[in-house]
Amino acid sequence: MMNPSVKNVSEEKITYKKIFLNQYQIRFLITCSLMIQQLPTILAIESSCDETSASVIRTGKVLNNVIASQAVHHKHGGVVPELASRAHQQNIWHVVNDTMQSAGIKNNDLNAIAFTRGPGLMGSLLVGVSFAKGMALALDLPLIEVNHMEAHVLAHFIDEPRPQFPFLCLTVSGGHTQIVLVKDFLDMQVIGETQDDAVGEAFDKAAKMMGLPYPGGPLIDKLAKEGNPNVFKFSQTIMPDLQFSFSGIKTAFLYFLRDQKKLDEKFVEKNLNDICASLQRHLVQMLLQKLKLASQQTGIKEIAIAGGVAANSGLRNAMAQTAQELNWKIFIPEFQYCTDNAAMIAMAAHYKYLAGKFCGLDVAPVPNMGIGDARS
Ligand code: KG4
Ligand code: ZN
């Protein structure tokens with residue numbers, strides 16, 4: 001039989017050794033858990049216009065991006081705000097539910113709920129903001145407000161390659177046309193923007209004048225591929241510095257169609273592809289002209305595009321060509337991250353979470369929210 005005291009001593013040594021090692025293991029586990037807390041799981045909701053979308057981001061990686069588009073607006077030739085908010089009400093629960101299920105995320109895995117606070121349509125924003133508040137209240141989670149336009153810019157951080165700061169971002173959508181100087185994830189400055197309509201609106205309105213359904217931008221893009229961009233010329237609107245204006249081209253296009261139809265009633269049908277190609281080239285040139293000026297003024301050659309119109313193939317090709325000519329490093333998001341989506345809201349929310357920027361349950365939508373307007 002073994003001497004019990006000897007056995008105890010050796011066991012104590014082993015135990016002591018184990019405890020010693022375990023302290024490091026515990027420290028390691030604490031560090032890991034702190035890192036996981038710093039890299040949170042967030043549910044993000046986007047409802048600013050006519051897409052109801054939700055996305056889950058975990059440890060900085062977007063897990064999914066569920067979007068319900070609202071076909072109800074097509075026959076009206078544009079987004080009808082009242083119909084948009086009703087459709088959001090019908091869609092939002094299904095979209096959020098699908099997102100959570102497809103990401104394999106349970107309510108208690110979430111660290112925060114994020115939502116688009118603005119800019120956008122009041123009735124549409126209200127649905128997303130209220131739903132996010134309800135979830136945050138029920139699950140006792142912090143809320144993160146996201147600026148929709150800042151999120152369009154931060155869509156560039158969803159996938160590789162990612163731009164380096166500072167970079168310029170041409171943000172072009174149905175409601176905005178801006179050149180943004182991006183200094184950091186949460187530090188952006190608008191250095192140029194439209195004084196009237198957005199370029200997306202010019203695409204959509206021109207399409208409507210030609211009898212094409214809403215949204216006209218993607219259709220003009222498609223038809224332009226079969227057309228000659230040099231057939232029709234439109235007059236240039238001269239704007240100072242980095243300002244844009246698209247109301248002039250809208251009116252010029254209206255008169256152009258009216259005059260041509262006086263000569264030939266079937267003018268649009270006969271020349272549709274060439275008209276689309278010529279108009280698209282004109283609009284893209286207007287954008288590129290100011291973007292080149294912005295790059296020249298700031299000395300920045302790291303250039304990104306974002307927003308729905310960033311899906312335009314004419315703009316994407318022109319960017320690639322200019323990059324070669326002027327030695328730009330360009331960043332063009334995947335198609336799914338150009339038009340409205342919650343993945344970009346999730347990405348913005350991730351950086352806001354890391355910066356400890358949360359908002360209260362008394363937060364309300366801001367339909368005309370500008371870049372840099374969010375206080376929390
Ligand atoms: O970013 P977005 O989805 O919604 C807003 O925040 O406005 O942008 C929608 C706009 C619409 O005007 C739509 O016609 C335009 O983006 N758009 C395009 C293309 N795809 C979407 N415009 C031109 N070419 C496209 N391929
Ligand atoms: Zn948008």
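Both ligands and their constituent atoms are indexed starting at 1 by order of listing.
Closest heavy-atom approach to atom 9 (C) of ligand 1 within the set Ala310, Ala198, Gly174: this belongs to Gly174. Looking at Asp50, Asn312, Thr171, it is Asn312 that brings a heavy atom closest to atom 23 (C) of ligand 1.
Ring-plane geometry between His148 and His152 is classed as perpendicular, the angle between the planes exceeding 60 degrees on a 0 to 90 degree scale with a lower cut at 30.
Taking backbone and side-chain atoms together, Cys49 has no N/O/S atom less than 2.8 Å away from the Zn ion (ligand 2). Within the coordination shell of the Zn ion (ligand 2), defined by N, O or S atoms under 2.8 Å, His176 is absent.
Between Gly216 and ligand 1, not a single N/O pair is under 3.5 Å apart. For ligand 1, none of its N or O atoms has an N or O atom of Glu51 under 3.5 Å away. Checked against a 3.5 angstrom limit, the closest N/O atoms of Asp340 and ligand 1 fall inside it. Not one N or O of Thr339 is nearer than 3.5 Å to an N or O of ligand 1, by distance alone.
Below 4.0 Å from some heavy atom of Gly217 lie the following atoms of ligand 1, by number and element: 14 (O), 18 (C), 19 (C), 22 (N), 23 (C), 24 (N), 25 (C). Remark: ligand 1 atoms within the under-4.0 Å shell around heavy atoms of Gly308 are 1 (O), 2 (P), 8 (O), 16 (O), 17 (N), 18 (C), 19 (C), 20 (N), 21 (C). Near Asp221, meaning under 4.0 Å from one of its heavy atoms, ligand 1 places the atoms 24 (N), 25 (C), 26 (N). Atom numbering of ligand 1 starts at 1 in the shown order; those under 4.0 Å from a heavy atom of Gly200 are 12 (O). Close contacts of ligand 1 with Gly175, meaning ligand atoms under 4.0 Å from a residue heavy atom, involve 7 (O).
Under the 4.5 Å side-chain criterion, counting only non-hydrogen atoms from C-beta, Ile300 is not in contact with Ser295. A 4.5 Å side-chain heavy-atom check between Glu193 and Val180 finds every atom pair outside the cut-off. Tyr337 is listed as a side-chain neighbour of Asp159, based on a closest heavy-atom distance under 4.5 Å. The shortest side-chain heavy-atom distance between Phe115 and Glu145 falls under the 4.5 Å cut-off.
Checked against the 6.0 Å centroid criterion, the rings of Phe234 and Phe246 do not qualify as a close aromatic pair. The aromatic ring centres of Phe256 and Phe267 sit less than 6.0 Å apart.
Looking from atom 12 (O) of ligand 1 to the surrounding protein, the closest heavy atom is Asp204 OD2, 2.6 Å.
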- Task: Please step through ring-ring contact (aromatic ring centres under 6.0 Å, His included) for the pair Phe167 and Phe331, ending with a clear verdict.
- Result: CA-CA 10 Å; Phe167 66 93; Phe331 299 87; 7.0 Å; no

